[in-house]
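Here the structure is laid out as structure tokens; the discussion comes afterwards.
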Amino acid sequence: MATPAYLEADDAIIFGTPTLFGMMAGKMQSFLDQAGGGWARNALVDKFAAVFTSTGSQHGGHKAALL
């Protein structure tokens, strides 16, 4: 199971999350909230990053979930 501390040690970060009513999964949102200390210390600067999402229906809010 990944923890926010892993983000600081890795060279690249790729996030994927399902979409529910146009929002990311609650566990993903909680994980990103816990990573706030790394963002504040600039420990996540200069890392390659990517995000992806999926939804079970056409126009299911997947574009807004990445915001």
**Prompt:** Partners of T53 by side chain to side chain donor-acceptor pair (under 3.5 Å), sequence neighbours excluded?
**Reply:**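 Result, side chain to side chain donor-acceptor pair (under 3.5 Å) vs T53: T19.
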**Request:** List the atom of L7, the atom of A35, and the distance in Å for their closest heavy-atom pair.
**Result:**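 Result for this residue pair: CD1-CB, 3.9 Å.
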**Asked** Taking all atoms of both residues into account, what is the closest heavy-atom pair of F15 and L32, and its distance?
**Response**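 Answer, listing the atom of F15 first, then L32: CZ-CD2, 3.6 Å.
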**side-chain hydrogen bond (donor to acceptor under 3.5 Å, both in side chains): pairs with one or both residues in residues 6-15, sequence neighbours excluded** =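 side-chain hydrogen bond (donor to acceptor under 3.5 Å, both in side chains) check on residues 6-15 returns E8-R41.
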**Message:** Filter on side-chain hydrogen bond (donor to acceptor under 3.5 Å, both in side chains), then keep only pairs touching residues 21-37, sequence neighbours left out; what's left?
**Reply:**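 Listed once each, the pairs are S30-Q34.
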**Asked** Should side-chain heavy atoms under 4.5 Å link Ile, Leu, Val, Met, Phe, Trp and Tyr, which residues sit in the same cluster as I14?
**Response**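 Under the 4.5 Å side-chain rule, I14 groups with F52.
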**Asked** Which ILVMFWY residues can you reach from F48 by hopping between side chains whose heavy atoms are under 4.5 Å apart?
**Response**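 In the cluster with F48 there is nothing else; it is isolated.
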**Request:** Report the distance from atom CZ of F31 to atom CE of M24, rounding to the nearest 0.5 Å.
**Result:**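 Between F31 CZ and M24 CE, I get 12.0 Å after rounding to 0.5 Å.
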